[in-house]
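Have a look at the structure below before the remarks.
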Amino acid sequence: MGSLPSNPHVRHISWKPTVDDNWTLHVSGIVSPHNEVSAGGWVLRDHNSVFKASASVVLSYTTNMMVILLQTLLHALPIIMLSLGVDNLDILAHEYFMNGTMAIENGTYQLSDGTYQLHEDCFHWINSMRFVTLSAVNNLDNLAAIKLAQMGTEISETDQRLGTPPEEIADILTNDVIGRWVPISMFLP
């Protein structure tokens with residue numbers, strides 16, 4: 001049985017197993033200036049890609065994406081550590097968050113006092129874990145978290161799930177595991 005022929009116009013996207021049986025946390029945020037709504041989304045899966053928890057997080061309106069992502073992460077981390085007992089985690093978020101976090105750490109990105117405190121609160125949780133990696137993820141590999149964030153703009157209270165995913169992301173989670181072909185044009189600037 002041969003492999004599929006290569007096609008320079010498409011790319012296959014699928015779940016990538018974690019190192020050392022780490023669980024994976026995908027984080028995303030969204031701003032809707034027209035409706036003055038901000039929300040975050042996160043989804044947690046174990047090392048076999050099995051859904052464990054998620055949330056569509058309703059936030060106070062801000063256009064600062066770093067604040068949105070920090071608030072979303074700060075919502076997720078206590079649940080992951082205290083409720084689920086997870087202390088080995090791969091955190092995947094938009095490249096903006098990763099670059100911003102590195103810039104904060106090396107002092108080249110200045111934060112307001114409130115945002116700095118959010119950052120410190122998140123890293124208090126992160127530093128108390130046994131093992132954590134922070135990595136950038138493209139939007140096509142973060143569809144479930146993006147959908148959860150979009151759902152957060154349409155509700156009045158945070159919707160948190162343990163054990164069973166929201167129906168709206170079930171197909172995304174399945175497709176993440178079996179994979180999907182996407183046009184290479186979706187990766188171009």
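- Rounding to the nearest 0.5 Å gives a distance of 6.0 Å between CG of Asp90 and OG of Ser135.
- For Asp121, there are no salt bridge (Lys or Arg N to Asp or Glu O under 4.0 Å) partners two or more places apart in sequence or in a different chain.
- Side-chain contact between His94 and Val137 is absent, with no heavy-atom pair separated by less than 4.5 Å.
- Within a 6.0 Å sphere centred on CG of Asp113, heavy atoms belonging to other residues, nucleotides or ligands number 12 at most.
- Cluster annotation: Leu89 and Val27 are assigned to the same hydrophobic cluster (Ile/Leu/Val/Met/Phe/Trp/Tyr, side-chain heavy-atom contacts under 4.5 Å, transitive).
- Under the side chain to side chain contact (heavy atoms under 4.5 Å, CB included) test applied with Ile169, the options Leu148, Thr174, Asp176 reduce to a single match, Leu148.
- Side-chain contact, Asp159 with Ser56: no donor N or O sits under 3.5 Å from an acceptor N or O.
- The shortest heavy-atom contact between Ser54 and Pro166 is OG-CD, 3.5 Å.
- With hydrogens and angles ignored, the 3.5 Å screen pairs no side-chain donor or acceptor of Asn35 with any backbone N or O of Val37.
- Across every non-hydrogen atom of Gly152 and Ala39, the tightest pair is C-CB, 3.5 Å.
- In this view, Phe51 satisfies the ring-ring contact (aromatic ring centres under 6.0 Å, His included) rule with no residue, not counting sequence neighbours.
- Annotation: the span from Asn88 atom CG to Asn22 atom CG amounts to 4.5 Å, rounded to 0.5 Å.
- Side-chain contact, Trp42 with His75: a donor N or O sits under 3.5 Å from an acceptor N or O.
- To the nearest 0.5 angstrom, Trp23 atom CH2 is 5.5 Å from Asp46 atom CG.
- Of the N and O atoms on the side chains of Asn142 and Asn139, not one donor lies less than 3.5 Å from an acceptor on the other residue.
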